[in-house]
Amino acid sequence: MIIIQIMLGAITRLTGSGLSITEWKLIMGTLPPLNETEWQTAFEQYQKIGQFKQLNNYFNLSDFKFIFFWEWSHRFWARMIGFVFAIPFVIFLIQKRFNKNQILPLIILFFLGGLQGAIGWIMVKSGINETSLYVDHIKLAAHFISALVLLVYTIYFLIGFIKTKYEISLSVNQNKVLLVMIILLTIQLVYGAFMAGIHAGPTAPTWPTINGNWFPYGGEELGLLKWTHNAINIQFVHRTLAYILCAFSIYWWVLANKEKLSLNWAQHLPLAIIILQTILGIITVLMSPYQKILLVLGTMHQFVGMVFCIILMSIWFLRKVKYQINK
């Protein structure tokens, strides 16, 4: 359900639907408008914000219903995740099915889910005004990363039950390289969210150069803002990190073959997925001016990035580091 929620978030972003619901009603917001009057009221609320006035002022009620559907689906699914977790949790707690070591991690998991919802509303609120066309891309990145933290923590909790059966042997060198890959991937995912939030793809739909340049021109922003608010620079960092991650994945794969520890699926998957993700990223950038194609490719690109994150973190949680003796 968390994976589906993250993908619904991708579709919501790519269809520009995130600002269609301008209020946060935790209980009453579960139901969409049920009659024409309610639909018209919701549409009038949307017409007051800058995204409608400056970008979507040609929208009619039918157009509004389309973007409303995706934002409502995203919020509704989040509520369902909460119910699916909370109801069995309370029942099993009363029935004393949990041991003491399981209760706190489950409470933390529930807290992370609630925090994710709060960050999501803070993000949406950043775009509900008369000047913004989209939500703040920094807050979008925080929303995306917090969703991945929730997903990774869920995987960690699950792996706690199966670790003894599926341990993966890594050498010290492999372990160090894996840690570097996880750090790089975290930064890369943040910049992927920046790419999406600032709509950086269509600003340079070329490859291998960025609009004919190997390095960005710099932009007019000062200091750190050059690398967090300039679309060309953000795309340059996102591309460069992809190449670096590919290089580290190849190095990790070479170490895995050289040191001949029992890795099974973990030996090949990271390299295969990062190559697929890089190719998909290149195609996504090239096709970014075409909205309908971008919707499909952008969603796929985010999904594969999430899979890569799951694979690296699963290896990290399942790893057993072994010291290699050089002969």
Derivation and outcome, side chain to side chain donor-acceptor pair (under 3.5 Å), residues Ser171 and Asn173 | CA-CA 5 Å; Ser171 70; Asn173 289 336; 5.2 Å; no

What orientation do Trp253 and His268 show, parallel under 30°, tilted 30 to 60°, or perpendicular over 60°?
-> tilted

Take the angle between the ring planes of Phe194 and His137 and call it parallel below 30°, perpendicular above 60°, tilted in between.
-> perpendicular

Step-by-step side-chain contact (heavy atoms from CB on, under 4.5 Å) determination, Leu158 to Thr154 = CA-CA 6 Å; Leu158 173 64; Thr154 307; 5.8 Å; no

Expected output: side-chain Arg239 to main-chain Thr209 donor-acceptor under 3.5 Å = yes

Should we count NZ of Lys226 as having more than 12 external heavy atoms under 6.0 Å?
-> yes

Give a yes or no answer on whether the side chain of Trp77 reaches the backbone of Met1 with a donor-acceptor pair at less than 3.5 Å.
-> yes

May I have the step-by-step check of side-chain contact (heavy atoms from CB on, under 4.5 Å) for Trp252 and Leu170, ending in yes or no?
-> CA-CA 10 Å; Trp252 195 84; Leu170 297 183; 3.7 Å; yes

ring-ring contact (aromatic ring centres under 6.0 Å, His included) partner of Phe89, chosen from Phe83, Phe110, Phe98 = Phe98

Transitively linked via ILVMFWY side-chain contacts under 4.5 Å: Tyr290 with Ile11?
-> yes

Can you establish whether the number of heavy atoms outside Phe303 located under 6.0 Å from its atom CZ is more than 12?
-> no

Roughly how far apart are Leu19 CG and Met123 CE, rounded to 0.5 Å?
-> 8.0 Å

Do Asn129 and Ile49 have side-chain heavy atoms sitting under 4.5 Å apart?
-> no

Judged by atom type as modelled, is there a donor-acceptor pair below 3.5 Å linking the side chain of Gln116 to the main-chain atoms of His143?
-> yes

If you draw a 6.0 Å radius around CZ in Phe85, do more than 12 non-hydrogen atoms from other residues or ligands fall strictly inside?
-> yes

Are Val149 and Ile159 connected in the hydrophobic side-chain network, where two residues link if heavy atoms are under 4.5 Å apart?
-> yes

Taking all non-hydrogen atoms of both residues into account, name the closest pair between His301 and Gln277 and its distance.
-> O-NE2, 2.9 Å

Count the heavy atoms belonging to other residues, nucleotides or ligands that lie under 6.0 Å from OH of Tyr243, then report whether that count exceeds 12.
-> yes

Please say whether more than 12 non-hydrogen atoms of neighbouring residues, nucleotides or ligands are located less than 6.0 Å from CZ in Phe248.
-> no

Parallel, tilted or perpendicular: which fits the ring planes of Phe215 and Phe236, with parallel below 30° and perpendicular above 60°?
-> tilted

Gln102 and Arg97: CA distance, side-chain angles, deciding distance, side chain to side chain donor-acceptor pair (under 3.5 Å) verdict = CA-CA 10 Å; Gln102 293 173 333; Arg97 295 195 187 191; over 6 Å; no

Sub-6.0 Å ring centroid separation between His199 and Tyr134 = yes

ring-ring contact (aromatic ring centres under 6.0 Å, His included) between Phe43 and Phe68: does it pass, once the steps are laid out?
-> CA-CA 9 Å; Phe43 188 30; Phe68 186 99; over 10 Å; no

Spell out, as yes or no, whether a donor-acceptor pair under 3.5 Å connects the side chain of Thr203 to the backbone of Ile232.
-> no

Are Tyr156 and Phe317 close enough that their ring centres sit under 6.0 Å apart?
-> yes

Exercise: do Arg319 and Gln174 side chains pair donor with acceptor under 3.5 Å | no

Show the numbers, then the answer: is there a ring-ring contact (aromatic ring centres under 6.0 Å, His included) between Phe64 and Phe59?
-> CA-CA 6 Å; Phe64 172 71; Phe59 268 26; 8.1 Å; no

From Ile198 CD1 over to Leu140 CG, what is the distance, rounded to the nearest 0.5 angstrom?
-> 11.0 Å

Audit row: Tyr46, Asn56, side chain to side chain donor-acceptor pair (under 3.5 Å) steps and yes/no | CA-CA 10 Å; Tyr46 177 67; Asn56 295 331; 2.8 Å; yes

If you take all heavy atoms of Ser249 and Met181, which pair is closest and at what distance?
-> OG-CE, 3.4 Å

Return yes if some donor-acceptor pair links the side-chain N/O of Ser288 with the main-chain N/O of Gly201 below 3.5 Å, else return no.
-> yes

Pro205 and Pro202 have their tightest heavy-atom pair at CD-O, 3.3 Å

Honestly, is Arg75 close enough over Trp72, meaning NZ or CZ under 6.0 Å from the six-membered ring centre and within 45° of the axis?
-> no

Donor-acceptor contact below 3.5 Å, side chain Gln291 vs main chain Leu14 | yes

Do you know which two heavy atoms are closest between Trp39 and Pro33, and how far apart they sit?
-> NE1-O, 3.4 Å

Tyr191 and Met195: side-chain contact (heavy atoms from CB on, under 4.5 Å), yes or no, with the steps?
-> CA-CA 6 Å; Tyr191 268 85; Met195 284 278 294; 5.5 Å; no

Taking atom OG1 of Thr12 and atom NE2 of His74, what is their separation to the nearest 0.5 Å?
-> 5.5 Å

Honestly curious: do Phe111 and Leu104 fall in one hydrophobic cluster under the side-chain, below-4.5 Å linking rule?
-> no

Does the pair Glu38 and Thr41 meet the rule for a side chain to side chain donor-acceptor pair (under 3.5 Å), with working shown?
-> CA-CA 5 Å; Glu38 291 182 0; Thr41 299; over 6 Å; no

Rounded to the nearest 0.5 angstrom, the CD1-CE distance for Ile3 and Met7 is 9.5 Å

Apply side-chain contact (heavy atoms from CB on, under 4.5 Å) to the pair Val285 and Trp207, showing each step before the final yes or no.
-> CA-CA 8 Å; Val285 166; Trp207 189 84; 5.8 Å; no

Apply the side chain to side chain contact (heavy atoms under 4.5 Å, CB included) test between Leu184 and each candidate in Leu179, Leu245, Leu189; give the one that qualifies.
-> Leu245

Step through the shown structure and confirm whether more than 12 heavy atoms of other residues, nucleotides or ligands are within 6.0 Å of NZ on Lys53.
-> yes

If two hydrophobic side chains count as joined below 4.5 Å and joins carry through other members, does Leu115 share a cluster with Ile145?
-> no

For residues Ala204 and Gln235, report the shortest heavy-atom separation together with the two atoms involved.
-> O-OE1, 3.0 Å

Taking atom CD of Glu130 as the centre, report whether more than 12 heavy atoms of other residues, nucleotides or ligands fall under 6.0 Å from it.
-> no

Nearest atoms (heavy-atom pairs only) where Gln5 meets Ala78 | NE2-CB, 3.3 Å

Side-chain heavy atoms of Ile234 within contact of Asn230, under 4.5 Å | no

Verify same cluster id: Leu312, Leu280 (apolar side-chain graph, 4.5 Å) = yes

